[in-house]
Amino acid sequence: MTAVAAQRQVLLRQQVEEFLYAEAALLDAWDLDDWLLLFDDNCVRLAARVTRLNNRRAHREYPHSRTNHQVFNVRVRELPAEELSVTASFTVWRFRAGRSSCYVGKYRYRLRRSDDGFRIAAKRAELDMTDLRSVGDVAIIL
């Protein structure tokens, strides 16, 4: 890899990291409407989940849990058609009703370049945990 190509790859990874950090900040702030705007228009099923979580009748998450999303070990691979394959490790801390829970795993993204940065074409959160009994339900967005 040439020095220019290596520098370009580092810059691309930094841009993707900033995008993932911004996503994590939106989730921690429970700004789910703006979080939804990070996705391509084909993510219709997510809109229903956001509507449900924003509703006061969503008793599982009202009042909202406090969360802390941590993203690290970001890896970026370029794909055809202005798309990127991105993997990242995550830890999400959830604080609710005097209890804390920790979820650990890996994100798998397919990002598309857009005029204003990136859009999420696909996102998958894979938990590394073998037992969810210690953390209870997963009512938050990882």
Side-chain angles (χ1 to χ4, degrees), residues 1-56 58-97 99-142:
M1 180 181 293
T2 68
V4 172
Q7 186 177 21
R8 184 176 169 274
Q9 186 66 22
V10 168
L11 179 60
L12 178 62
R13 183 180 44 77
Q14 289 173 339
Q15 291 169 337
V16 168
E17 285 176 342
E18 287 300 320
F19 179 80
L20 298 182
Y21 299 156
E23 180 197 18
L26 290 171
L27 289 172
D28 289 340
W30 279 87
D31 190 350
L32 301 183
D33 293 320
D34 282 346
W35 172 74
L36 195 57
L37 296 175
L38 299 178
F39 286 81
D40 270 351
D41 296 332
N42 61 355
C43 295
V44 180
R45 290 169 61 190
L46 277 178
R49 183 162 186 209
V50 165
T51 299
R52 192 169 58 250
L53 284 172
N54 279 335
N55 189 327
R56 291 183 75 132
H59 65 279
R60 285 285 212 210
E61 280 305 324
Y62 195 84
H64 299 309
S65 297
R66 291 184 52 217
T67 60
N68 185 305
H69 289 70
Q70 301 168 358
V71 182
F72 49 97
N73 291 344
V74 176
R75 299 284 186 253
V76 179
R77 187 170 52 94
E78 293 190 71
L79 300 172
E82 295 296 310
E83 290 193 351
L84 304 172
S85 173
V86 177
T87 60
S89 298
F90 71 83
T91 303
V92 178
W93 286 92
R94 176 186 183 201
F95 305 95
R96 181 173 180 79
R99 288 186 54 217
S100 65
S101 305
C102 182
Y103 305 88
V104 177
K106 178 181 275 190
Y107 290 132
R108 295 186 187 279
Y109 290 91
R110 192 166 34 88
L111 300 181
R112 288 196 178 114
R113 288 185 170 104
S114 70
D115 292 338
D116 56 346
F118 300 107
R119 299 289 299 264
I120 301 171
K123 178 183 178 181
R124 179 183 176 108
E126 300 172 352
L127 290 171
D128 288 337
M129 305 157 67
T130 58
D131 183 12
L132 291 177
R133 283 180 286 210
S134 64
V135 294
D137 58 2
V138 184
I140 60 170
I141 296 177
L142 295 176

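Numbers here are sequence positions counted from 1. If you're wondering where the values come from, they're calculated on a predicted model, not measured in any experiment.
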Between Ile120 and Leu111, is there a side-chain heavy-atom distance shorter than 4.5 Å?
yes
Taking all atoms of both residues into account, what is the closest heavy-atom pair of His69 and Leu142, and its distance?
CD2-O, 3.4 Å
Does any non-hydrogen side-chain atom of Val76 lie less than 4.5 Å from one of Thr87?
no
Looking at Ala24 and Val71, what are the two nearest heavy atoms and their distance?
CB-CG2, 4.4 Å
Whether Glu78 side chain and Gln9 backbone form a donor-acceptor pair below 3.5 Å
no
What distance do Thr67 atom OG1 and Phe95 atom CZ have between them, rounded to the nearest 0.5 Å?
9.0 Å
Can you label the angle between the Phe90 ring and the Tyr107 ring as parallel, tilted or perpendicular, going by 30° and 60°?
parallel
Could you tell me the separation between the CG atom of Leu26 and the CG atom of Leu32, rounded to the nearest 0.5 Å?
9.0 Å
At their closest point, which heavy atom of Arg96 faces which heavy atom of His64, and how far apart are they?
NH1-C, 3.9 Å
Heavy-atom closest contact (Thr91 atom, Cys102 atom, distance):
CG2-SG, 3.4 Å
Does any part of the side chain of Arg75, heavy atoms only, come nearer than 4.5 Å to the side chain of Arg77, both counted from C-beta?
no
Start with the C-alpha distance between Leu12 and Leu84, add both sets of side-chain angles, then the distance that settles side chain to side chain contact (heavy atoms under 4.5 Å, CB included), and finish with yes or no.
CA-CA 10 Å; Leu12 178 62; Leu84 304 172; 3.9 Å; yes
Separation between CG (Asp28) and CD1 (Ile141), nearest 0.5 Å, reads 11.5 Å
Euclidean distance, Ser114 OG relative to Arg112 CZ, rounded to 0.5 Å
11.0 Å
Using a 6.0 Å cut-off, check whether atom CH2 of Trp30 has over 12 heavy atoms from anything other than its own residue.
yes
Pairwise distance CZ(Arg110) to CZ(Arg119) - rounded to 0.5 angstrom
13.5 Å
Are there over 12 heavy-atom neighbours, none belonging to Gln7, within less than 6.0 Å of that residue's CD?
no
N/O donor-acceptor pair under 3.5 Å between Arg113 side chain and Phe118 backbone:
no
Taking every non-hydrogen atom, the tightest pair across Lys123 and Tyr109:
CE-OH, 3.5 Å
side-chain hydrogen bond (donor to acceptor under 3.5 Å, both in side chains) filter on Trp35, not counting sequence neighbours, yields Glu23
Does Asp115, at its CG atom, have more than 12 non-hydrogen atoms belonging to other residues, nucleotides or ligands within less than 6.0 Å?
no
Check whether any side-chain heavy atom of Phe19 lies under 4.5 Å from a side-chain heavy atom of Val86, and answer yes or no.
no
Atom CZ in Arg49, atom CG in Leu36: separation rounded to 0.5 Å?
12.0 Å
Determine whether Gln15 and Leu11 make a side-chain contact, defined as any pair of heavy atoms from C-beta on separated by less than 4.5 Å.
yes
